[in-house]
There are 2 protein chains.
Amino acid sequence: MRISELSRRSGVSVTTIKYYLREGLLPPGRQTAATQAEYDDQHLRRLRLVRALTGVRGLSVSTTREVLDALTEHTGDTHLVLGLALGAVRLSDETAAHPPETAEVDALVKELGWAVNEAAPARATLAETLASLRSLGVPVDAHTLLPYARLAERTAVLDLDQLTGLDDPLETAERALLLTVLLEPALMALRRMAQENESARRHTAE
Amino acid sequence: MRISELSRRSGVSVTTIKYYLREGLLPPGRQTAATQAEYDDQHLRRLRLVRALTGVRGLSVSTTREVLDALTEHTGDTHLVLGLALGAVRLSDETAAHPPETAEVDALVKELGWAVNEAAPARATLAETLASLRSLGVPVDAHTLLPYARLAERTAVLDLDQLTGLDDPLETAERALLLTVLLEPALMALRRMAQENESARRHTAE
DNA sequence: ACCCATTGGATACCTTCACTATCTATGTTA
DNA sequence: TAACATAGATAGTGAAGGTATCCAATGGGT
């Protein structure tokens, strides 16, 4: 298909598709002539993925590019793809001037018995968030976090269960990314509704 | 204290504080003369809150203002504050042109037996995210989500437990906001590490 | 074989956001 | 009283994410 059909089928304007091509979010089409290129379903799929990551999760164009590059370069090693991709998807917006003190987080991970890369960005995210909360007077420590971590373990089991039974490694890697990144707003929405419910329950039970 | 001291104690530049004052993120100081105003600890506290919300969670200035306005206007009714404040903190960046179909989500909430406002924005967020995932070929439905929702329930219990034993209603409302909003990156970080651990576990167990 | 809308590629422009800098009149402090 | 700080107003900045316009080269319909 040509660019206008790609635009029509994805709902993304031609100029924006050109912009994504310039930015390397989409691989160039197969050139058939000096002013003609052919796009296929892979492009359409990727374009939809780009819109999901930038639109639903609000990822920046450069972050999206990094994530997609990791996805296509290391397809097959789902474990590795997730590690690379998720490192790029910052959980917090904080641009850490000095690397945060992760000793406490490291101790928590050890106590949990988790096998997690020493350099995993999630460690830093967790440490930063804790520091922020404390500076605002909220008392949170490893002890507070432990039950949350146990629930996270069970969430992760559910997540990984969704990945079984897929043959195509590209599809597996892509689904892993989608489940990790796009499911986040959904889980937070569930949490907020559960909070509202629990708050109402306690309020009326008095 | 005067503005320069507020700046020094918060680490935020004087010009930025002036900007926040203009934007209504900080209430004006007590004017002592035509070109002099006095700020207090409330200002400092609020300024730190602003930096946490915009920095750690990446909230926009206008969203932050809405959240803080809800906080100060309805202090005392923690339940209400959370409903108002969290409505403003969008979980997804999607600017929904047409309101999404929430029938399925509504059915899930009913099945869970949750008491959740009919107009809660979390319903729309959940519906949008589901629609997004499906359009990308990920099979998610109410059945998939139910176990996640049960874990969210237990997370909410932990959350609400953190709010007990606080006397000052302002402090309670503020902490509720912080726990809901600022803890999100922390919980997602825990989930990612748990995923990595679970992935490693399954990989080596084969 | 011809014509004109479509295309690829390049470049310039636009809008929003979150600051940042500058200016002026007024206050404070040593 | 001289040097510095402050409030308030206005204008400017830089990044991000597109959007608009040009141009030469097609290529499907006639």
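Letters A, B, ... are given to chains in the order of the sequence lines, protein chains preceding strands, and every chain is numbered from 1.
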Length of the line joining [X]:[atom1] and [N]:[atom2], which is rounded to integer Å:
| X | N | atom1 | atom2 | result |
| --- | --- | --- | --- | --- |
| B/Arg2 | C/dT28 | CZ | P | 9 Å |
| B/Ile17 | D/dT6 | CD1 | P | 10 Å |
| A/Arg22 | C/dT7 | CZ | P | 17 Å |
| B/Leu25 | C/dC17 | CG | P | 14 Å |
| A/Leu21 | D/dT19 | CG | P | 15 Å |
| B/Ile3 | C/dT28 | CD1 | P | 16 Å |
| B/Glu38 | C/dT28 | CD | P | 11 Å |
| A/Lys18 | C/dC13 | NZ | P | 18 Å |

Can you find a side chain N or O atom of [X] that sits less than 4.0 Å from OP1 or OP2 on [N]?
| X | N | answer |
| --- | --- | --- |
| B/Tyr20 | C/dC19 | yes |
| B/Ser62 | C/dC17 | no |
| B/Thr16 | C/dT20 | yes |
| A/Gln31 | C/dT7 | no |
| A/Tyr39 | C/dG8 | yes |

Salt bridge or not between [X] and [Y]? Use side-chain N to carboxylate O under 4.0 Å.
| X | Y | result |
| --- | --- | --- |
| A/Glu198 | A/Arg202 | yes |
| B/Arg2 | B/Glu5 | no |
| A/Glu23 | A/Lys18 | no |
| B/Asp41 | B/Arg48 | no |

Checklist entry - Which is true for B/Ser60 with a 4.0 Å heavy-atom rule: it touches a base, it touches only sugar-phosphate, or it touches nothing? => result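 Sugar-phosphate, no base atom in range.
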Checklist entry - At under 4.0 Å between heavy atoms, what does B/Ser4 touch on the DNA or RNA strands: base, sugar-phosphate, or nothing? => result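 Here B/Ser4 touches the backbone only, sparing every base.
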Item to check | Under 3.5 Å donor-acceptor pair, A/Thr35 side-chain atoms to D/dT26 base atoms | outcome: no
Item to check | Test salt bridge (charged side-chain N to carboxylate O under 4.0 Å, His left out) applied to B/Arg65 and B/Glu73, step by step | outcome: CA-CA 12 Å; B/Arg65 181 177 44 236; B/Glu73 274 179 45; over 6 Å; no
Checklist entry - Between C/dT26, C/dG8, D/dG18, which nucleotide has the shortest distance from any of its atoms to the side chain of A/Val61? => result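 Given the options C/dT26, C/dG8, D/dG18, the side chain of A/Val61 is closest to D/dG18.
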Checklist entry - From the list C/dG27, D/dG17, D/dT26, which nucleotide is the closest neighbour of the side chain of A/Gln36? => result D/dT26
